[in-house]
Amino acid sequence: MTNAHIADAFDLIGDILDFKGENPFRVRAYRNASRTIRDYPESLAAMVELGKEKLKAIEGIGDDLAAKIMTLVQTGSLPQLEDLKAQVPESVLALLRIPGVGPRKAAALHKELGIKTLAELKAACDAGKVQKLKGFGVKTEQIILQGMSIAEQAHQRMYWAEANQIVADLREHMADCRSIEQLEFTGSYRRGKETIGDLDILVVSDDVNQVMDRLGKYPEITQTLARGDTKMSIRVASGLQIDLRVVPAESFGAALQYFTGSKEHNVILRGMAKDKGLKINEWGVFRVKGDKEERIAGASEKEVYDTLKLPVFPPELREGRREFEWAASGKLPELITEKDIRGDLHMHTTATDGSASIEEMVAAARARGLAYIAITDHSQRVSMARGLNPQRVLEQWAEIDNIREKLPKGFTLLKGIECDILEKGGMDLPDDVLAQADWVIASIHYGQKQPRQQITERILGAIENPHVSMVAHPTGRLLNRREAYEVDLDAVFAAAKKHGKLLELNANPQRLDLNDVYCAAARQHGIPIVINTDAHSPDGLEMLRYGILQARRAGLTKDDVANTRTWVQMKKLVGKK
DNA sequence: GCCGTTTTCGGCCCGACTGTTTTCAGTCG
């Protein structure tokens, strides 16, 4: 039973209770717990053996939820959840996913019209039955129909890197609007989340209409969802929603803080404010005296956080995880930046599936100011990419020896290999070959659907191989496309720690593997992370920035990341001579 | 359902916008 399984169960309970119209705070308790558990660095199943008190020490887990976790882990199911599922068919919960339909409307549709599925809802709308319900109307019916088609588009979250393109495009478009004094993209984009659900633009201007008119002329726009005095929402061709807020300059900081979120971060912040007789909203910070309110801050984020004697948290840390605890103990990590990185230890060339030569990759790396790189083409098992057999890899390393002679001092070119971990276990190249490398990466590309124990044992076997220095993309997930394979990361962390091996944060925006939660867990275990681009072309080296963002979300400092060190220091770290 | 120097009850962040109302509920972020 993984943390994700437990979190899924609590999410489902939350959804059903929400649908049933239960106390919203009770619903929130389940959702909070789910989130905390999903992000929790230790395995709850292991903690269950240490007893209930251990579980109750987790924020948001009380007597009741601790008992439910124990039942779930020990028996594999939860009677309460089975009960709820019997009362509300799971297909009904899909109604809640339609934008514009919340628990009240979903319940009305289910109760009054007996609707159980999206197909039935569509039929009811088409027949005009929905608009006759109390609290519904013609407009509501249309919104539901539109919302359903959006849901059917299997609307995926966008990679941060893609969102970043749209941000650049929108910045350019909005730059033509003269009255804009300040403009910032907020929300999950600013927090650097790996995927983005929608984009939020915050603007200071004394001419709201001019700003909204300009956004309305964005060429990609397909629909204006709302337009009020301060807020406007549009949808663009890709299905992405863009929300605009216009505020006065005196509120810019408060609004920037507010719309950057996360929601969880803000809930904690406002709770703290309330305890001190303050109120924080998007317009400012206010001292509450009876029914009078005195405005005391709001122009900058610093002003807002200062009122609570808090640091201006880097946006990447604002997830309501551990940032307030860190701030209270003065241990807010100084997050890694792109310029801290000295080397890149995972990239490909034309020898396998890359598009550039070794020399071209070297030139690109030097242009980017790196001091060392490892060429790590695929091993023979990856036949699709013409992976290297022992003879070819030795030839490549001989070629590297030649290139080295022409390189200036201060730049180090390393003989590396991305060696597959075979399906049956063991490495794809013989030890006497691996022994000649400067840098050996172990990767899983095949047999990703094997059971948990088998995959875990394969990775542990690789970690125990004395020639291996790092495990690449340790969970194999591809965002929006492929789930992580089943692997016992607790065991991987323990083995990496024991054998002094490193784990990768692969900076490819579709991988970002390890994810932020696991990178944070690795940090707690004292296992250095290596941020690599896995570049297949010179431009691919630019992907570093996505890995840095993810590392910052994990709270990693320069020290937590191995390739901020010189190669000489790195060698020592992985026990190479 | 959680939580606690206002501590075992009574709170739980807060406001904008829309549609269906005629003063507000529902939804969203």
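Lettering of chains follows the sequences in order, A, B, ..., and the numbering in each one begins at 1. These figures come from a predicted structure and were not determined experimentally.
The residue A:Ile268 sits apart from the nucleic acid: no heavy atom pair falls under 4.0 Å. If you check every strand for non-hydrogen atoms under 4.0 Å, A:Lys105 touches sugar and phosphate atoms only. Within the nucleic acid shown, A:Val101 comes within 4.0 Å of sugar-phosphate atoms alone, with no base atom in reach, counting heavy atoms only. No engagement by A:Leu269 is indicated, since no non-hydrogen atom pair under 4.0 Å with the nucleic acid exists. Here A:Tyr258 lies in heavy-atom contact (under 4.0 Å) with a base. Residue-level contact check: A:Asp64 touches the backbone only, with heavy atoms under 4.0 Å from sugar-phosphate atoms and none from bases. Looking at heavy-atom distances under 4.0 Å, A:Pro103 makes contact with sugar-phosphate atoms alone, never a base.
To the nearest whole angstrom, the two P atoms, one in B:dG4 and one in B:dC13, are 14 Å apart. Nucleotides B:dT23 and B:dC17 are separated by 16 Å at their C1' atoms, to the nearest Å. When the C1' atom is compared between B:dG26 and B:dT21, the two are found 12 Å apart, to the nearest whole Å. Rounded to whole Å, the separation between the P atoms of B:dG11 and B:dT6 comes to 16 Å. Using atom P as the reference point in both B:dT20 and B:dC28, the two lie 15 Å apart (nearest Å). Taking atom P on both B:dC9 and B:dC14, the two are 25 Å apart, rounded to the nearest angstrom.
Residues meeting the side-chain hydrogen bond (donor to acceptor under 3.5 Å, both in side chains) test with A:Arg191, sequence neighbours left out: A:Glu319. For A:Ala66, the side-chain contact (heavy atoms from CB on, under 4.5 Å) partners are A:Lys52, A:Leu55, A:Lys56, A:Ile61, not counting sequence neighbours. Applying the salt bridge (Lys or Arg N to Asp or Glu O under 4.0 Å) test to A:Glu325 and every residue at least two apart in sequence or in another chain returns A:Arg322. Residues meeting the salt bridge (Lys or Arg N to Asp or Glu O under 4.0 Å) test with A:Glu316, sequence neighbours left out: A:Arg552.
In this structure, A:Phe313 and A:Tyr305 have perpendicular ring planes: the angle between them is above 60°, well past the 30° mark.
Salt-bridge annotation for A:Asp513 and A:Arg477: absent, with no side-chain N of the basic residue lying under 4.0 Å from a carboxylate O of the acidic one. A salt bridge is absent between A:Glu294 and A:Lys279: the closest approach of a Lys/Arg side-chain nitrogen to an acidic carboxylate oxygen does not fall below 4.0 angstrom. The existence of a salt bridge linking A:Arg214 and A:Asp176 is confirmed by a sub-4.0 Å separation between a basic side-chain nitrogen and an acidic carboxylate oxygen. Look at A:Lys217 and A:Asp213 and you find no salt bridge, because none of the NZ, NE, NH1 or NH2 atoms lies under 4.0 Å from a carboxylate O. Look at A:Arg235 and A:Asp198 and you find no salt bridge, because none of the NZ, NE, NH1 or NH2 atoms lies under 4.0 Å from a carboxylate O. Ionic pairing of A:Arg190 and A:Glu301 is present here: one or more N-O contacts between side-chain nitrogen and carboxylate oxygen are shorter than 4.0 angstrom.
At a cut-off of 3.5 angstrom, the base of B:dG29 holds no donor-acceptor pair with the side chain of A:Asp198.
Contact annotation: A:Arg270 does not reach the phosphate of B:dC13 (side-chain N/O to OP1 or OP2, under 4.0 Å). Contact check, A:Asn281 against B:dG15: a side-chain N or O comes under 4.0 Å of OP1 or OP2. A close approach under 4.0 Å does occur between a side-chain nitrogen or oxygen of A:Lys274 and OP1 or OP2 of B:dC14.
No donor-acceptor pair closer than 3.5 Å links the side chain of A:Thr117 to the backbone N or O of A:Ser91.
Following rounding to the nearest Å, A:Asn266 (CG) and B:dG29 (C1') show an atom-to-atom distance of 10 Å. Rounded to whole Å, atom C1' of B:dG15 lies 12 Å from atom CD of A:Glu293. Taking atom NZ on A:Lys20 and atom P on B:dG1, their separation rounds to 12 Å, with Å as the unit. A:Met272 has its CE atom 14 Å from the P atom of B:dG4, to the nearest Å. Separating the CG atom of A:Asp275 from the P atom of B:dC3 is a distance of 15 Å, rounded to the nearest angstrom. Look at CG on A:Leu17: it is 12 Å from P on B:dC2, rounded to the nearest Å. Protein atom CZ of A:Arg26 is 19 Å distant from nucleotide atom P of B:dC9, rounded to whole Å. Distance, A:Ile37 CD1 to B:dC2 P: 11 Å, rounded to whole Å.
At a non-hydrogen distance threshold of 4.0 Å, A:Leu65, A:Lys68 from residues 65-80 of chain A come into contact with DNA chain B.
Along DNA chain B, the nucleotide closest to A:Glu59 and the one closest to A:Phe25 are compared, and the more 5′ of them pairs with A:Glu59. When the nearest nucleotides of DNA chain B are assigned to A:Lys56 and A:Phe259 by heavy-atom distance, the more 5′-ward of the two goes with A:Lys56.
For A:Arg104, taking side-chain heavy atoms from C-beta onward, the closest of the listed nucleotides B:dG1, B:dC13, B:dT27 is B:dT27.
When both distances must be under 3.5 Å, the Watson-Crick or G-U wobble mate of B:dG19 is B:dC24.
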How would nucleotides 16-22 of chain B be written as a contact map, 5' to 3', with B for base contact, S for sugar-phosphate-only contact and - for no contact, using protein heavy atoms under 4.0 Å?
-> SSSSSS-
